[in-house]
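Naming: A, B, ... by sequence-line order, numbering from 1 per chain. Given the structure is predicted, the values throughout are model-derived calculations rather than measurements. Values below: every heavy atom of this structure, side chains too, minus hydrogens, waters and symmetry copies.
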Amino acid sequence: MNRAEEQRLIELAAAGDRAAAEKCIRAHQGSLYAYLLRMSGRPDVAEDIVQEAFVRVLTNLDRFDPRFRFSTWLFTIARRLYLNAIQRHRPAYDTDVLQLREGRGDAPEASTVSEEVGGNLKDAVQAALLQLPPDQREVVILFHQLDWPIALIAQHMDMPEGTVKSHLHRARRRMRRMLESHEAHLRSVGEVWT
Amino acid sequence: VDVKTKRVIKCEPSQPIPKELVDAFFDRELDEGSRENFFGILRQDLRTCSSVARTQRMISALREPVEAPDLTDAIMGEVGRQRGFLPLKLRRLVKAGRLAAAACVLMALLAVAALHRSAPETFSLSRSPQPVSRVVTSGAQEAAAGVQQIAGAVDAMKARIGEPAAELGRLLSAEDLPEVETGPELRAARVYMVGGLTPDGAAAMPSVPGGSAGSIALYGGSGHGVPFVVPSVVYLEGLETHALVPMAAGADRPLPSWVGTWRQNVFMLQPAECQDAEAKSHVDGR
């Protein structure tokens with residue numbers, strides 16, 4: 001969806017056009033959900049925050065500044081909601097992440113990731129992503145998954161572009177090392193079985 | 001060449017590829033030609049080539065689409081529940097209406113506060129109660145009417161008191177007194193029942209429960225005694241002041257309102273009359 005079309009939809013939705021609002025949701029919910037799922041590693045959290053972010057945005061459309069992209073506004077609100085959720089549930093989240101790292105989480109998604117890491121690169125990447133510090137994780141997701149430019153990420157995360165790049169480089173190296181280690185582990189498992 | 005900074009990253013064929021060149025590649029900062037060169041030199045640096053390939057696989061996995069649930073209905077339902085999906089114009093009207101309602105409430109509160117400040121009696125519950133006032137007024141009117149009706153009886157009573165030879169009536173003992181509110185000074189007084197009075201307009205006189213038509217109370221007190229009602233005319237003696245008090249009718253005891261009005265309806269006996277009354281008591285042997 002180009003910017004002009006997006007702007008037209010926002011105007012229609014703000015004027016009470018339900019169909020336009022639904023189109024806005026359908027256009028952005030996938031990327032927002034993917035962003036939050038990658039960030040949290042939990043589908044339930046991602047769903048809740050996607051819903052809450054859209055509700056807030058749609059009930060405040062008259063405050064939208066058309067100089068910015070709708071998606072930027074939406075992701076900024078979602079990010080704040082996610083950070084608030086982390087603050088509220090910090091112990092539970094930390095425990096989940098730790099258990100994910102050790103591969104013995106009780107949560108269904110933790111065990112699922114743990115089981116599938118062996119054969120699925122996608123899940124291994126997700127597991128590696130969850131082991132990154134939150135800032136590095138977010139930079140990687142926004143840049144490589146959502147194709148945001150560095151300047152926009154810097155604005156979204158309220159940090160200098162140089163810091164964003166530094167986070168990005170560190171995160172990539174760290175993830176690559178984790179994947180190397182993971183592949184080495186897979187090779188050793190394979191040798192045992194054969 | 002870094003497309004963004006126009007910076008040239010040099011790479012010697014015999015040397016490992018610098019990390020900054022790899023980072024610039026993944027940061028999408030190399031122009032088309034530089035990317036071709038980068039791929040060319042990668043073939044000569046197998047270690048970096050392997051690392052780049054692994055990173056590229058990792059990024060590809062990261063870019064794989066995520067299966068997202070469709071939350072459109074849930075979101076629209078929640079928006080509708082919270083505020084309703086109103087058109088912008090209507091929403092502005094609703095907002096303006098809410099503001100107007102809030103302003104009205106505020107104005108009303110301010111008006112009440114101002115009124116309370118300027119005329120506090122408007123909100124005062126201790127204002128003189130109208131129903132009691134009406135009782136007092138009607139009691140006074142009733143008593144005044146009764147006085148007019150029994151004026152003749154009072155005159156006859158005065159005349160009898162003034163006649164040394166006449167008997168005042170039967171002396172009542174304390175037990176004979178009806179159950180009325182009597183103070184110590186009243187109990188100490190001598191009370192006479194004076195009967196046989198036939199005042200003018202007796203038929204129109206109010207009757208007292210237990211008494212006969214034409215009854216009046218004859219009260220003597222210290223000026224602050226308690227009035228009471230007896231079936232017939234009573235004369236009180238032995239106190240500083242002597243008075244004939246026509247009582248309000250229709251009750252076996254004085255109405256509270258009577259206490260506040262009886263003084264206006266007292267036929268005060270003159271000092272000479274009191275002396276006559278005292279003389280009369282001597283005639284009765286006391």
*Give, for atom CD1 of Ile25(A) and atom CG of Asp70(B), the distance between the pair rounded to the nearest 0.5 Å.*
8.5 Å
*Rounded to the nearest 0.5 Å, how far does CD of Glu78(B) lie from CG of Leu58(A)?*
11.5 Å
_side-chain contact (heavy atoms from CB on, under 4.5 Å) between His169(A) and Glu20(B), intermediate numbers included_ = CA-CA 9 Å; His169(A) 300 167; Glu20(B) 58 178 337; over 6 Å; no
*Minimum heavy-atom distance Ala68(B)-Gly30(A), with the two atoms named*: CB-CA, 4.0 Å
*Measuring from His144(A):NE2 to Phe26(B):CZ, what's the distance to the nearest 0.5 Å?*
7.5 Å
*Give a yes or no answer on whether the side chain of Arg26(A) reaches the backbone of Thr72(B) with a donor-acceptor pair at less than 3.5 Å.*
no
*Without swapping roles, check the side chain of Arg172(A) against the backbone of Ile59(B) for a donor-acceptor pair under 3.5 Å.*
no
*Is it true that the side chains of Thr55(B) and Arg176(A) contain a donor and an acceptor less than 3.5 Å apart?*
yes
*Are more than 12 heavy atoms from other residues, nucleotides or ligands located less than 6.0 Å from atom NZ of Lys23(A)?*
no
*Looking only at non-hydrogen atoms, find the nearest pair between Phe143(A) and Asp27(B) and report the distance.*
CZ-O, 3.4 Å
*Can you name the closest pair of heavy atoms from Val55(A) and Val79(B) and give their distance?*
CA-CG2, 4.0 Å
*Against chain A, label Ser51(B) side chain, backbone, both or neither, depending on which of its atoms sit under 4.5 Å from a heavy atom there.*
both
*Measure the spacing between CD1 of Ile150(A) and CZ of Arg28(B) and express it to the nearest 0.5 Å.*
7.5 Å
*Is it true that Asp23(B) and Lys165(A) have a side-chain N and a carboxylate O under 4.0 angstrom from each other?*
no
*asked:* Please classify the contact of Glu52(A) with chain B as side chain, backbone, both or neither, using a heavy-atom distance under 4.5 Å.
replied: neither
*Over 12 non-hydrogen atoms of neighbours within 6.0 angstrom of CG in Asp65(A)*: yes
*Which bit of Arg38(A) comes within less than 4.5 Å of chain B, counting heavy atoms only: side chain, backbone, both or neither?*
side chain
*So which part of Val125(A) gets closer than 4.5 Å to some heavy atom of chain B, the side chain, the backbone, both or neither?*
side chain
*Name the member of Asp73(B), Val22(B), Ile75(B) that forms the most heavy-atom pairs with chain A at distances under 4.5 Å.*
Ile75(B)
*Go through Leu71(B) and Phe54(A) one step at a time and tell me if the side-chain contact (heavy atoms from CB on, under 4.5 Å) criterion holds.*
CA-CA 10 Å; Leu71(B) 300 171; Phe54(A) 269 111; over 6 Å; no
*What distance separates Met175(A) CE from Arg54(B) CZ, expressed to the nearest 0.5 Å?*
13.0 Å
_CZ (Arg57(B)) with more than 12 external heavy atoms under 6.0 Å_ = yes
_Proximal component of Leu32(A), with respect to chain B [non-hydrogen, under 4.5 Å]_ = neither
*At their closest point, which heavy atom of Gln145(A) faces which heavy atom of Arg63(B), and how far apart are they?*
CA-CG, 4.4 Å
*Go through Gln29(A), Arg56(A), Gln51(A) and name the one with the most non-hydrogen pairs under 4.5 angstrom from chain B.*
Gln29(A)
